[in-house]
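Structure first, commentary second.
Please read these numbers as outputs of a predicted model, since none were measured by experiment. Letters go in sequence order (proteins before strands), and every chain restarts at 1.
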There are 2 protein chains.
Amino acid sequence: MQRLDALTSLKRTFKRGEYLYRSGEPFHALYAIRNGFFKTQVLHEDGREQVTGFQMPGEIIGMDAICADAHTCDAVALEDSEICEIPFNLLEELSRDVPVLQRHLHKIMSREIVRDQGIMMLLGSMRAEERLAAFLLNLSQRFSARGYSPNAFLLRMTRQEIGSYLGLKLETVSRTFSQFQENGLLSVRVREVEIMDVLRLRSFVGHI
Amino acid sequence: MQRLDALTSLKRTFKRGEYLYRSGEPFHALYAIRNGFFKTQVLHEDGREQVTGFQMPGEIIGMDAICADAHTCDAVALEDSEICEIPFNLLEELSRDVPVLQRHLHKIMSREIVRDQGIMMLLGSMRAEERLAAFLLNLSQRFSARGYSPNAFLLRMTRQEIGSYLGLKLETVSRTFSQFQENGLLSVRVREVEIMDVLRLRSFVGHI
DNA sequence: CACGGTTTTTGACCTATATCAAACGCATTT
DNA sequence: AAATGCGTTTGATATAGGTCAAAAACCGTG
């Protein structure tokens, strides 16, 4: 337990817009988000960006960097945030002695793989409405798991970032929000979202 | 070394079309492909499918299953294949005693995460030609790494499976192949592909 | 509270890809 | 050799979402 504490003793704060790490930087730690909100993104040479995820408190990021000892994406704070640094060789050392921790680490990495599968599904075979519905339901579920309202929350990201994540243009995201609002599925005021009809929103995902 | 051998002693063969595992089945092992070719796919309730990867010899599959102790996708042999089963608790046990193996396992899982990031990039922000070019170059590179020709190879999957993987319809895949052929980038005869102009093919990926 | 910059919304129009349909090729069976 | 059946190619047409543009809302700052 003491060793586990030692693992997670280094905390750092980030202002909105600051980078936790950048693609190419050497790898030495994973990061647990204590509070705030991050996005991870991959940048193409030609300037195109792909947001690969939005992370909230309790989630671990940086696992992409293990395989080549360098980060393969950027992590940017979407609001003032605090993270806790987990030096990876200490984590590995400790997980050799504590099988439960070892399994836990493997599960976390596996969960990331499954999450990515879900995004592939979304990007590869869903239409705009389904993508946005899936996105909102996913946020809702994660807020709920953290003790916040599953029905009313604040978006920390821009339309452009949502669009990048969902493989859509920002205008399409905006239009789809408006359309959902017209249909009484939700009420949007820019960044404030309130889900009015979860069931109907759910019925969007997974049905043509 | 003996223990490592014991890990990988159980081998099994699969005929084309047979399932290595199915979504929902309990998890107990990872699988190393010895020879042959597999695809992994996620099925939606409504029947839509998303191919999440094509695996070739030397690659490890099944890591999605760790997080919930159950497989989250199907793995299907695309040709007669042989795999080697790696019981996961033995692997964990051994990797506790052999730090190099532990790190290796983490790298493999991390590589899967990075691979998925690449697919997100592809699905989220590339056009049909870029997607197909990226796909072919990726296959080429992997064949090359296994000692096969990087320029001429046999596709083990149908147009429909390529399409599902790339987020395109099979007709679009077929048309894009024809278009590449017309432009002298490659020569296609159904499943046989020969890359005639790698550089120009490369120039497709990552540039508008 | 006015200002400048960013983000969002909405409209009009365009295009890449999907859809539908038919023909073709190739392998396997009868 | 004909028949069957899957996978592929190609054509004609439709459409979801992209693009371009302008206005509106919002936000931080002096």
- Task: Write down the distance between CD (A:Glu192) and C1' (C:dT7), rounded to a whole number of angstrom.
- Result: 15 Å
- Note on the structure: Here the distance between atom P of D:dA16 and atom NZ of B:Lys169, to the nearest Å, is 13 Å
- Task: Specify the separation, in whole Å, of atom CZ of A:Arg156 and atom C1' of D:dC27.
- Result: 17 Å
- Message: Counting the atoms with a prime plus P, OP1 and OP2 as sugar-phosphate, which does A:Gly167 contact under 4.0 Å by heavy atoms, base, sugar-phosphate, or nothing?
- Response: sugar-phosphate
- Message: Please enumerate all residues that pass side-chain contact (heavy atoms from CB on, under 4.5 Å) together with B:Asp80, with sequence neighbours excluded.
- Response: B:Lys15, B:Arg16
- Task: Respond yes when some side-chain nitrogen or oxygen of A:Arg191 is under 4.0 Å from OP1 or OP2 of C:dT8, and no when none is.
- Result: yes
- Task: Report the residues that fulfil side-chain contact (heavy atoms from CB on, under 4.5 Å) with B:Thr40, sequence neighbours left out, ordered by chain and then residue number.
- Result: B:Tyr21, B:Thr52, B:Gln55, B:Cys73, B:Ala75
- note: B:Gln179, atom CD; D:dG11, atom P; distance rounded to Å ~ 13 Å
- Short N-O contact, A:Arg12 and A:Glu82, less than 4.0 angstrom: no
- Answer yes or no: is there a donor N or O on one side and an acceptor on the other, between the side chain of B:Asn183 and the main chain of B:Leu185, under 3.5 Å? no
- Task: Take the C1' atoms of the five end pairs on each side of the helix from C:dC1-D:dG30 to C:dT30-D:dA1, get both axes, and report the angle to 10 degrees.
- Result: 40°
What N/O pairs connect the protein and nucleotides 24-26 of chain D at under 3.5 Å? Give each pair on its own line.
none

- B:Arg159 CZ to C:dC24 C1', in whole Å, measures 14 Å
- With sequence neighbours left out, what residues match B:Cys67 under side-chain contact (heavy atoms from CB on, under 4.5 Å)? A:Ser110, A:Arg111, A:Val114
- Task: Quickly work out the B:Ile162 CD1 to D:dG7 P distance and round it to whole Å.
- Result: 13 Å
- Note on the structure: Sequence neighbours excluded, the answer for salt bridge (Lys or Arg N to Asp or Glu O under 4.0 Å) partners of B:Lys107 is A:Asp69
- Between A:Leu170 (CG) and D:dT19 (P), how many Å, whole number? 10 Å
List, one per line, each side-chain donor-acceptor pair under 3.5 Å for residues 165-178 of chain A, sequence neighbours excluded.
residue	atom	partner	partner atom	Å
A:Thr176	OG1	A:Thr172	O	2.6
A:Ser178	OG	A:Ser174	O	3.1

- Query: Who are the salt bridge (Lys or Arg N to Asp or Glu O under 4.0 Å) partners of B:Glu79, not counting sequence neighbours?
  - Reply: B:Arg156
- Message: Taking side-chain contact (heavy atoms from CB on, under 4.5 Å) as the definition, give me every residue that meets it alongside B:Thr158, ordered by chain and number, with sequence neighbours left out.
- Response: B:Gln160, B:Glu161, B:Arg191
Would you tabulate the side-chain donor-acceptor contacts of residues 24-36 of chain B under 3.5 Å, counting partners in other chains and residues two or more places apart, or write 'none'?
residue	atom	partner	partner atom	Å
B:Glu25	OE1	B:Arg22	N	3.3

Can you give the donor-acceptor pairs under 3.5 Å from side chains of residues 139-153 of chain B to other protein atoms, not counting sequence neighbours?
residue	atom	partner	partner atom	Å
B:Ser140	OG	B:Pro150	O	2.8
B:Arg142	NE	B:Glu59	OE2	3.1
B:Arg142	NH1	B:Asn138	OD1	2.9
B:Arg142	NH2	B:Phe54	O	2.5
B:Arg142	NH2	B:Glu59	OE1	3.0
B:Arg142	NH2	B:Glu59	OE2	3.4
B:Arg146	NE	B:Pro57	O	2.5
B:Arg146	NH1	B:Arg142	O	2.9
B:Arg146	NH2	B:Pro57	O	3.0
B:Arg146	NH2	B:Glu59	OE2	3.3
B:Ser149	OG	B:Asn151	N	3.0
B:Ser149	OG	B:Ala152	N	3.1

- Atom CD of B:Glu129 and atom P of C:dT17 are separated, to the nearest Å, by 7 Å
Can you check nucleotides 10-15 of chain C for protein contacts, nitrogen or oxygen pairs under 3.5 Å, and list what you find?
residue	atom	partner	partner atom	Å
C:dT10	OP2	A:Ser178	OG	2.7
C:dG11	N7	A:Arg175	NH1	2.9
C:dG11	O6	A:Arg175	NH2	2.9
C:dA12	N6	A:Arg175	NH2	3.2

- Task: Quick one: label A:Leu168 by what it contacts on the DNA or RNA (base, sugar-phosphate, nothing), any heavy atom closer than 4.0 Å.
- Result: sugar-phosphate
